[in-house]
J.: 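Dropping the structure in here first, questions after.
Chain naming here is simple, since letters A, B, ... match the order of the sequence lines and numbering starts at 1 in each.
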Amino acid sequence: MPSAMKKDDHIFLIDGSGFIFRAFHALPPLTRKSDGLPVGAVSGFCNMLWKLLTQARDTSVGVTPTHLAVIFDFSSKTFRKEIYPEYKAHRPPPPEDLVPQFALIREATRAFNLPCIEMEGYEADDIIATYADLAVKAGAEATIISSDKDLMQLVGPKVHMYDGMKDRQIGVAEVIEKWGVPPEKMIDLQSLTGDSVDNVPGVPGIGPKTAATLLEEFGDLDTLLEKAETIKQKKRRENIVANKDLVKVSRELVTLKRDCPVELDLDSLALDDQDGPKLVAFLKAMSFNSLTRRVAEATGTEASEIEPADVSVEWGADAHGPDLDTGDADTEASSASAPKANEPSLSGEATAAALAQARAERFSSLPIDNKAYVTIRDLDTLAAWVDAARDKGLCAFDTETTSLDAMQAELVGFSLALYDEDAEDDKQVIRAAYIPLAHKSGQGDLLGGGLAEGQIPFDDALATLKELLEDEAVLKVAQNLKYDYLVMLRYGIAVKAFDDTMLLSYVLDSGMGGHGMDALSEKWLGHKPIPYKEVAGSGKSMITFDYVDIDRATAYAAEDADVTLRLWLVLKPRLIAERVATVYERLERPLLPVLARMEERGISVDRQILSRLSGELAQRAAAYEDEIYELADEKFNIGSPKQLGEILFGKMGLPGGKKTKSGQWSTSVQVLDDLAAEGHPLPSKIVEWRQVSKLKSTYTDALPGYIHPEDKRVHTSYSLAATTTGRLSSSEPNLQNIPVRTADGRKIRTAFVANKGHKLLSADYSQIELRVLAHVADIAQLKQAFADGIDIHAMTASEMFGVPVEGMPGEVRRRAKAINFGIIYGISAFGLANQLGIERSEASEYIKRYFERFPGIKDYMEATKAQARDHGFVETIFGRRIHYPEIRSSNHQVRSFNERAAINAPIQGSAADVIRRAMIRVEPALVEAGLGDQVKMLLQVHDELIFEIEDAAVDQARDLIVSVMENASMPAVSMAVPLQVDARAALNWDEAH
DNA sequence: AGCTAATCCTA
DNA sequence: GTAGGATTAGCTA
């Protein structure tokens, strides 16, 4: 049911006729292979429509249409011909190859489920003007998809134009830039200049420049005509005076009619769901293979099961050319046709779900045969495989290298898998091959080391693969693609058009187990892939992959591509069926190249600072050790909790507090601090020794080992799919847990430095999780406090304990702060008591009072638990799902744990989604501002982004980065509290933070 | 050599 | 009370 157009709605009006001509001339000729039917303009039209519509599904970037219509000219007999019979009189007949495409483009429009509008006696431009006006009157916005200057008179604050072929937005500023007059003066300008193509007369000798100058001087056309006698230049004056009447006729011709009696009102142009099968049927009939593949994938349609549509078109040398502007094959020519409600149309979700089901069943029983894989040893065979991949528009690949570290890995081989949906033999449905690129002969000893025989020259093979990997029209599928992406990036290849099965699984099944290939293969295909250690060994005897025998490598590597492709076939349709396609497309896939580039850049770490710190820490640790052995009266391993426990609680007989899970005495800081408070000297020494040796072993000693030999920078690795909530994780080294809370710890941050002439900028969200909580739980006091910018913990304390914010004791605020965090973590009296060192009963009192003061919190928690129990998952504000399969456990501990996690996940996860969006947008924003080369994003620490910026660009970059981050939720989610970002630049990370 | 537990660093 | 990763010790194979 269409709802009435309202404010915030946005209609796209596509100038179909204009597009046909431009596409026909701008695009290379294209014919349908089967019969030579010219389809170039149709192809361009379909690609543009698809692009517009897929942007339409994206709520996170650009303009989102709510309504859309494609508008065509009907015939050349319009009211303009009556005013001026010469109008468009000199138009040549359309090129022969264009003629059949008029009807096809109307067919295409209908296949897209879009209204196709044309009216006898009116040009497309008039209909567009009418709808644009109606939209503005309804308070909505309109975007006209065209670059025709005749339409520019419509541009205004609420009406824009967009050139779909040049991907360019045309607003008021662009009109002024191009023509020297604002849109409302375009009619005056065109009246003076005329138009030779349409045979609009105008004034001889006056072109756009002169017209703009004249209009600037006289204000508007009427004044100009009135005062024409006063024009200084003789020739110009005479021409205008002589042609006054023609100018007035021209004005009538170029003025668009804004009150056409349109049959469909705006509301009936509301954007309908895509009908995947119908569109695929049409595209198949046109044999637009690449677009068919993309559409099938995005709509969850199994293309092989769709019959090509019956599209019959008369064409050829002797086919009668129709009237220039008439789609004569169109039986409904004079009436606008909206999508028909009574047409049977399976919903996208239902078909996708059926496909997902069918695929899962099929591939869980389709056997995998490692002996069937091909080893590609010559360029011709490789080219044939690449061509086949192009033909299918789909392939899976995997790289084999010498290292798990993508920054050090050298490419050794490449595997490829193809899917032939129509294969009759089950064994031919998936074909896979391995291309050895740099395998070595021998065993890696003195005798070996040369290249093994039977390999394509490395550079030749790579050049061929580059063509494939960078081809936008072929979807490349990989498992954990960020690794392969980064490796290929280092060989000068930027993979385009890709999917990652790990990310698919992550989006679909977060919380349901791991997303590694072996686990996914077992889960979905019932197949256990060859373990890596069976080909390369393990431990000390492990060899790098370049020394693996090529036949053995083929069985292993091709299987990875094979399995990846099968996983994709099973998982991809679920994306639509389970309504998480947007999460995958907007929060996961686009982040992958962003992270790969961050990892490639790395960050400078000052080796000398670390080594000096290491020395200091070693001395202090040694001093503590002496004192500890003295106090304990014997030497032992202080780092062994077991030995330490025996000394403290056995030999010295101190009162042991807690025990660990395995029944040992706990020696945690809490326990040791308690003992120290009772006046025992040893425990506090242990605590200090631990702090010092922790900093030394984990940071000052370990970090230099991660400095890359070539560029001397540290390259962490981010995992996109390691957490359940949507956060990233960082490893080797983990740069998300660099110390900050103690003075000693912070010294380590001073070793993270900017290059000469640069600064490090740290930009972090302030209290983002509490803000998310205020938003999702809709807590009035919290929202107000954030809106007013007041201290949120002090406000909480004041609300709970009745203490005024002014002059509040630190301890009171500290307790409120702990409670606020507790709420985010799915509070329990046990945990809060532990954190604050108070009795459980007292903690219970606090919680009770909190819920009384902020009743919305309790409601939110109960609602979230109920959602998790009823559906098995909870969601972030952007639709990311986190599953809790054990939420209904009968074990109280397990159930409670799952409930707390389920309460935390939407908060932590929504915040994680916000920063993901910021990360995806910040680089394009910097490039657009001309700062692309001077600003580099290096690190992410959950709510903080770290950039390295050329000195001169720091101020401008800071403002832009803050703005992108603060607005990152928009327009998908308009938060009820403002997001606040603090940013600072300095020479090192400690001072910037 | 590979695994788990304990501990501690981060948001 | 949430979410991670690294280190060390100490056990098992």
J.: Rounded to the nearest angstrom, tell me the gap between atom CD1 in Ile824(A) and atom P in dT2(C).
T.: 13 Å

J.: Contact class for Ala702(A) vs. all strands (heavy atom < 4.0 Å): base, sugar-phosphate, or nothing?
T.: sugar-phosphate

J.: Quickly work out the His942(A) NE2 to dT2(C) C1' distance and round it to whole Å.
T.: 12 Å

J.: Just to be sure I understand the rule, does Thr660(A) reach a base, reach only the sugar-phosphate, or reach nothing, if contact means heavy atoms closer than 4.0 Å?
T.: sugar-phosphate

J.: Are the ring centres of Tyr584(A) and Tyr506(A) closer than 6.0 Å?
T.: no

J.: Give a yes/no on whether any side-chain N or O of Asn904(A) is located under 4.0 angstrom from OP1 or OP2 of dG1(C).
T.: no

J.: With a 4.0 Å cutoff (strictly under), does any side-chain N or O of Lys642(A) reach OP1 or OP2 of dC11(C)?
T.: yes

J.: OP1 or OP2 of dA3(C) less than 4.0 angstrom from a side-chain nitrogen or oxygen of Ser729(A), does that happen here?
T.: no

J.: Do any side-chain nitrogens or oxygens of Ser538(A) fall under 4.0 Å of OP1 or OP2 in dG2(B)?
T.: yes

J.: How many angstroms lie between atom CD1 of Ile738(A) and atom CG of Asp990(A), to the nearest 0.5 angstrom?
T.: 12.0 Å

J.: Under 4.0 Å from OP1 or OP2 of dG10(C): is there any side-chain N or O of Ser640(A) that close?
T.: yes

J.: Counting only side-chain N and O atoms of Arg690(A), is one of them less than 4.0 Å from OP1 or OP2 of dC8(B)?
T.: yes

J.: Look at Ser731(A) and dG4(C) and indicate whether a side-chain polar atom (N or O) is within less than 4.0 Å of OP1 or OP2.
T.: no

J.: On the side chain of Lys694(A), is there an atom forming a donor-acceptor pair with the base of dC8(B) - under 3.5 Å, no angle test?
T.: yes

J.: Establish, with yes or no, whether the OP1 or OP2 oxygen of dT10(B) is under 4.0 angstrom from a side-chain nitrogen or oxygen of Arg741(A).
T.: yes

J.: Could you label the plane-to-plane angle of the Phe636(A) and Tyr629(A) rings as parallel, tilted or perpendicular, counting under 30° as parallel and over 60° as perpendicular?
T.: perpendicular

J.: Check whether any side-chain nitrogen or oxygen of Gln643(A) sits under 4.0 Å from OP1 or OP2 of dG10(C), and answer yes or no.
T.: yes

J.: How long is the line joining CD of Gln664(A) and C1' of dT7(B), in whole Å?
T.: 13 Å

